[in-house]
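Below: one structure, written as structure tokens.
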Amino acid sequence: MDFSLSPELLALRDKTRAFIAEQVIPLENDARQSRHGPDEALRRELVGRARAAGLLTPHASRELGGLGLTHVEKAVVFEEAGYSWLGPTALNIHAPDEGNIHLMEAVATPAQQARWLRPQVAGQLRSCFAMTEPAPGAGSDPAALATVAVRDGDDYLISGQKWFITGAEGADYAIIMARTEDGGATMFLSDMDQPGITLERSMDAMDACFTGGHGVLRFDQLRVPASAILGEVGKGFRYAQVRLAPARLTHCMRWLGQARRAQDVALAYARRRTAFGKPLSS
Ligand SMILES: Cc1cc2nc3c(=O)[nH]c(=O)nc-3n(C[C@H](O)[C@H](O)[C@H](O)COP(=O)(O)OP(=O)(O)OC[C@H]3O[C@@H](n4cnc5c(N)ncnc54)[C@H](O)[C@@H]3O)c2cc1C
């Protein structure tokens, strides 16, 4: 494999690096952050800056308004964004939206894309991905899925509990994995402001960089029309792989940038700090 980077990609890397240094890192101490991440106002400001720089949602196709990055190109740009914990939020490439955008582009109908995906690519709305459940439900073993979707005329009624749902608080829509009567897993799309959805709490985690934190969600007879099925009935596990295979790797891309930042901080300190009569680095 040829891993050399094209001149265009090197230019995009440098542009992203400068954007993070000049437009994002200065906002790292902004007060609009809590242990559950940057708030919506800060997210919008960051997204606005990336939009003005031409760097918003770069992994989406050009047709949708992105830069149509390949997976190798994502590795370069996402690492640069990850250099600040606010960078992926600014570029609209943080979990779960980054993976959801990828899945929606691959599977959603034109009507679903117009309603949810296009405004999401534009940074105007956020989503969450609701698969994991408390024991004995789905975790490492998604086949333990306990959330059910029961057919009711042209609709489905979804009931169950999910946790670790990143971005849940304040998300505009959810992709929900539930077991349908055929026994398989099916993905459904739903706006989050529905009567059948309760955010029970936000979980405390080691990170504080995802807008909307990590939520515990309860679905109680959530009514979803059949037109809001994402893809086909019974293909939920396959779509989960469409989403999670690249999305697990993009976590690595972003955290690699954060690791480089940590090392740069340590190196700068070792050069600056004097102990026993000489810099630590000596
Ligand atoms: C910060 C964070 C954000 C997340 N965001 C989302 C999200 O947005 N949406 C979502 O749906 N989920 C999300 N998750 C959930 C994540 O996908 C699950 O945590 C993951 O799938 C593991 O499931 P579990 O936590 O139930 O672990 P368990 O299934 O309970 O596993 C516990 C441990 O046992 C190990 N284990 C399991 N089976 C075996 C075996 N056969 N042999 C040996 N060891 C085994 C596992 O590796 C793990 O270390 C998030 C999790 C975290 C921590």
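None of the values given here were measured: they were computed from a predicted structure. Atoms within each ligand, like the ligands themselves, are counted from 1 in listed order.
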Looking at F129, does the NZ or CZ of R243 lie under 6.0 angstrom from its six-membered ring centre and within 45 degrees of the ring axis? yes
Between E45, E40, R43, which is the residue that forms a side-chain contact (heavy atoms from CB on, under 4.5 Å) with R32? E45
Does the protein place a non-hydrogen atom closer than 4.0 angstrom to atom 31 (O) of ligand 1? yes
Under-4.0 Å heavy-atom contact between protein and atom 3 (C) of ligand 1: yes
From the candidates G137, G139, A135, P134, the one that places a heavy atom nearest atom 26 (O) of ligand 1: G139
D207, any N or O under 3.5 Å of ligand 1 N or O: no
Residue list, side-chain hydrogen bond (donor to acceptor under 3.5 Å, both in side chains) with T180, at least two apart or on another chain: D182, T186
Where the side chain of R218 meets the backbone of K162, is there a donor-acceptor pair that is under 3.5 Å apart? no
Can a protein heavy atom be found under 4.0 Å away from atom 39 (C) of ligand 1? no
Does any N or O atom in E133 lie less than 3.5 angstrom from one in ligand 1, N or O only? no
Nitrogen or oxygen of A130 less than 3.5 angstrom from that of ligand 1: no
Ligand 1 contact on H214 by region, counting heavy-atom pairs under 4.0 Å: side chain
Hey, which of R260, K74, K15 is the one that makes salt bridge (charged side-chain N to carboxylate O under 4.0 Å, His left out) with E80? R260
Per-pair distances, 0.1 Å, donor-acceptor, side chain in residues 270-282, under 3.5 Å, sequence neighbours excluded:
| from | atom 1 | to | atom 2 | distance (Å) |
| --- | --- | --- | --- | --- |
| R273 | NE | Y269 | OH | 3.4 |
| S281 | OG | A270 | O | 3.4 |

Is the closest protein non-hydrogen atom to atom 45 (C) of ligand 1 under 4.0 Å? no
Is there at least one protein heavy-atom neighbour under 4.0 Å from atom 42 (N) of ligand 1? no
Does the protein place any heavy atom closer than 4.0 Å to atom 10 (C) of ligand 1? yes
When you look at CG of D193, are more than 12 heavy atoms from neighbouring residues, nucleotides or ligands closer to it than 6.0 Å? yes
Return a yes/no value for T132: is any of its N or O atoms, backbone included, closer than 3.5 angstrom to an N or O of ligand 1? yes
Does ligand 1 have any atom sitting under 4.0 Å from a heavy atom of R248? yes
Option from R254, H251, H59 for which side chain to side chain donor-acceptor pair (under 3.5 Å) with E98 holds: R254
Per atom 50 (C) of ligand 1, closest listed option by heavy atom (F129, F210, F164, W163): F164
Under-4.0 Å heavy-atom contact with ligand 1, by part of P96 that carries it: neither
